[in-house]
J.: 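To start, I am sharing the structure in question, which I have written as structure tokens.
Order of the sequence lines fixes the chain letters, A, B, ..., with proteins taken first and strands second; residue numbering starts at 1 for each chain.
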Amino acid sequence: MNKVVKDAHEAIQGITNGMTLMLGGFGLCGIPENCIAALVKAGQKDLTCISNNAGVDDFGIGLMLQQRQVKKMISSYVGENAEFERQLLSGELEVELTPQGTLAEKCRAGGAGIPAFFTATGYGTEIAEGKETREINGRMYVLEESLTADYALVKAWKGDKYGNLIYKGTARNFNPMMAMAGKITIAEVEELVEPGELDPNQVHTPGIFVQRIFQGKNYEKRIEQRTVSK
Amino acid sequence: MNKVVKDAHEAIQGITNGMTLMLGGFGLCGIPENCIAALVKAGQKDLTCISNNAGVDDFGIGLMLQQRQVKKMISSYVGENAEFERQLLSGELEVELTPQGTLAEKCRAGGAGIPAFFTATGYGTEIAEGKETREINGRMYVLEESLTADYALVKAWKGDKYGNLIYKGTARNFNPMMAMAGKITIAEVEELVEPGELDPNQVHTPGIFVQRIFQGKNYEKRIEQRTVSK
Amino acid sequence: MLTKDQIAKRIAQELQDGWYVNLGIGIPTLVANYIPDGMHVELQSENGLLGMGPFPKEEEIDADLINAGKQTVTMRPGASLFSSSDSFAMIRGGHVQLTVLGAMEVSENGDIANWKIPGKMVKGMGGAMDLVAGTDNIIVAMMHTNRAGESKLLDRCTLPLTGINCIRRVITDLGMFSIEGGAFILEEIAPGVSVDDVKKATAGKLIVSPVLKTMLID
Amino acid sequence: MLTKDQIAKRIAQELQDGWYVNLGIGIPTLVANYIPDGMHVELQSENGLLGMGPFPKEEEIDADLINAGKQTVTMRPGASLFSSSDSFAMIRGGHVQLTVLGAMEVSENGDIANWKIPGKMVKGMGGAMDLVAGTDNIIVAMMHTNRAGESKLLDRCTLPLTGINCIRRVITDLGMFSIEGGAFILEEIAPGVSVDDVKKATAGKLIVSPVLKTMLID
């Protein structure tokens with residue numbers, strides 16, 4: 001079993017033009033910074049990116065948008081990004097907006113072998129247009145299909161060489177479900193340890209979901225809204 | 001916020017004849033021993049029990065079967081229990097067998113507000129009889145409905161007074177999903193601590209899913225197959 | 001007329017001990033400042049935190065600990081962290097006792113629109129559609145009219161919907177309304193506001209409760 | 001004819017480094033004893049454990065650490081623990097590279113029956129239906145005939161099914177078979193067994209591979 005790769009450059013080998021990627025993170029919290037930097041450098045084009053948000057102009061997926069690497073975003077909220085807006089309005093970029101909870105569940109379902117599920121979210125709204133709806137126990141639901149990706153890029157706090165991951169704080173967010181839903185899942189971690197160093201009872205993502213892992217570097221962890229109390 | 005009750009007797013107040021209960025555990029591992037003992041003493045009848053297994057003759061749900069408290073079991077595997085077999089063959093007891101992974105997912109779905117989902121499990125078998133089937137992306141799936149319960153009885157290792165739970169080893173099993181799917185969830189724990197003593201990053205079941213909690217006593221933790229290596 | 005803080009104060013009166021509550025961005029966020037002393041309410045942040053505390057002190061700031069508005073926050077004792085799918089399992093599964101959120105429009109049959117204005121840049125619904133579908137107990141907190149002075153309480157929403165038939169209560173700067181039988185019922189009126197003021201500012205069907213009270217805000 | 005241990009040894013030859021493997025009860029369990037030295041294979045136990053180790057020493061026994069057969073086990077370094085829903089997410093989601101399980105009957109079109117005998121006490125399917133639906137790579141390990149001497153490799157299963165069209169490979173005491181195009185293809189034959197023996201013991205359609213090999217078991 002050898003999942004450890006040297007760095008982000010080595011980790012993203014195999015990602016080619018036109019592929020579908022999942023990228024963990026909520027806003028700029030818990031995003032795979034190293035992998036994004038490597039993708040920007042490698043320059044793959046026409047990517048479909050499944051990510052709750054699209055970063056800001058000069059960080060996160062925003063960096064990939066600047067290089068015009070993204071053909072389509074599947075997200076729940078894409079504010080805070082002027083270049084994104086420009087590309088969207090000019091028709092260069094396609095966006096599929098999905099309710100946040102539905103997006104999370106679509107990823108989990110994709111990883112768990114569940115091709116579709118019913119949810120009340122979005123019933124009666126434009127999100128349900130063209131989708132099957134059904135009354136179950138007196139309430140109306142929408143059928144939503146699962147999502148998978150060619151590659152999932154996730155960021156964890158600690159990981160071991162077998163790919164077991166532990167996240168920290170709210171940087172967990174979409175990372176665990178996306179780790180499940182990638183055909184190949186690449187994990188970048190702040191600290192890479194030997195098998196046995198993580199408590200098995202505290203592992204958030206079991207290594208079975210992770211195919212490549214490396215210790216990232218120079219994490220900026222940019223804060224979008226630095227709010228303090230007096 | 002006051003979720004703490006004195007003991008199992010106080011915890012099961014409100015459970016009445018004919019209710020549907022979920023009981024965590026796999027075999028005899030991670031079962032709510034104290035709550036089961038209290039139910040046996042209280043003597044509620046005509047219960048529907050959702051539990052992966054049905055205990056053994058003189059332990060676990062087997063104790064409730066001896067008292068003829070159970071009308072119906074929803075389980076994946078019910079071996080190792082002679083009284084169970086007798087009641088089943090005599091028609092006193094009804095059993096709904098459900099594949100283990102489908103059972104786990106039905107509980108999670110119930111807790112997560114997902115009324116139904118598609119799974120390939122059981123397609124083409126008697127489990128799929130009377131259920132909707134559908135081809136999705138070239139494969140056949142069965143539509144399975146979610147499960148909820150009037151009360152869920154779960155067992156954890158540590159818990160705090162807000163109901164946050166941490167399980168130990170493979171005693172986790174069905175407990176987390178059942179905790180989600182109970183209208184009222186009762187957690188018995190080996191060690192009840194103050195809020196703040198559990199690491200928020202290590203909580204397996206957030207307290208939002210737990211309505212009552214108590215520190216159990218005299219855990220027997222009976223082993224079904226004591227296997228040792230030389 | 002109520003200030004935004006007074007709207008938040010009135011909403012805080014609805015809280016009950018032991019509730020898990022999700023507060024949206026804007027006026028709803030202010031509700032956290034007015035939780036009654038001695039009452040224990042747990043705040044849920046849909047990005048994966050239960051037991052959200054106040055903003056951190058400068059030296060406590062942790063980039064890995066933010067709320068759904070992407071603001072740095074702290075955790076209270078007894079907090080827990082979880083994934084987005086577990087978070088929305090809580091929300092969609094009806095485990096959150098109260099959701100407070102803002103709106104652009106609410107209709108007399110309980111529809112809500114709060115995510116999209118055609119012709120303007122669409123940022124997305126985030127978790128709003130899940131939140132309105134997840135619990136029966138939703139309070140919409142908003143100004144009664146928009147900046148152009150037009151009513152936000154309508155017979156039908158004109159903007160793309162976030163959810164249908166899901167809102168039962170609205171609190172605005174003019175009063176508190178329940179939504180029942182296809183009408184806004186004026187239950188409480190803000191101090192210094194007349195029923196006539198409310199009628200003029202409400203485009204949807206309005207019924208004045210026979211037991212109309214004047215809102216009590218300390 | 002192979003012993004049960006020899007069947008397990010032959011299956012172990014199929015393992016690949018880095019694979020996650022679920023071993024059922026009976027002959028499949030024995031495969032763990034024959035994982036080649038230096039090869040790293042992670043065993044998944046569907047009750048919520050990845051990285052399952054051998055049985056514990058007397059002093060290591062922990063009632064909270066069992067396998068799917070309810071036997072006390074240990075964890076290897078790098079193990080992880082999880083819930084039943086996460087466990088079957090792994091299985092159903094196709095993340096387990098190989099499942100080895102026993103069967104009462106297998107048919108020439110890949111159907112399998114291994115959970116229920118009408119008229120006998122039904123114990124339940126446990127995780128078997130999920131396991132056969134979860135991965136393309138399943139090996140059935142079983143005796144070629146039942147105690148009455150009847151073939152377990154049939155044209156159609158007579159017992160209630162566990163899954164349909166899901167088995168691609170069967171290893172019995174007589175040989176190794178792939179299932180393709182509605183037939184059992186005899187790929188390898190056990191030492192000391194003749195093709196005629198296999199033909200006699202196989203009720204389903206049997207094709208002898210043009211490159212038939214004698215099984216190599218050390």
J.: Going by salt bridge (charged side-chain N to carboxylate O under 4.0 Å, His left out), Lys155(B) matches just one of Glu188(B), Glu33(B), Glu190(B). Which one?
T.: Glu190(B)
J.: Is it true that His95(C) and Tyr20(C) have ring centroids separated by less than 6.0 Å?
T.: no
J.: Any side chain to side chain donor-acceptor pair (under 3.5 Å) involving residues 113-134 of chain C? Give me the pairs, sequence neighbours left out, ordered by first then second residue.
T.: Thr121(A)-Asp130(C), Glu126(A)-Lys116(C), Asn114(C)-Thr162(C)
J.: Using non-hydrogen atoms and a 4.5 Å limit, figure out which bit of Leu198(B) sits close to chain C: side chain, backbone, both or neither.
T.: neither
J.: With ring centroids as reference points, do Phe209(B) and His204(B) lie under 6.0 angstrom apart?
T.: no
J.: Can you tell which part of Asn201(B) gets under 4.5 Å to a heavy atom of chain C, answering side chain, backbone, both or neither?
T.: both
J.: When you check the gap from the basic side-chain N to the acidic O, do Lys106(B) and Glu144(B) get nearer than 4.0 Å?
T.: yes
J.: Just give me the residue among Gly18(C), Gly51(C), Ala89(C), Gly134(C) that pairs up with chain B most often, heavy atom to heavy atom, under 4.5 Å.
T.: Ala89(C)
J.: Tell me, out of Glu197(B), Lys3(B), Gln202(B), who's got the most heavy-atom pairs with chain C below 4.5 Å.
T.: Lys3(B)
J.: Against chain C, label Lys161(B) side chain, backbone, both or neither, depending on which of its atoms sit under 4.5 Å from a heavy atom there.
T.: neither
J.: Side chain, backbone, both or neither: which part of Met90(C) has an atom under 4.5 Å from a heavy atom of chain B?
T.: both
J.: Against chain B, label Val96(C) side chain, backbone, both or neither, depending on which of its atoms sit under 4.5 Å from a heavy atom there.
T.: both
J.: Does Lys205(C) NZ have over 12 foreign heavy atoms under 6.0 Å away?
T.: no
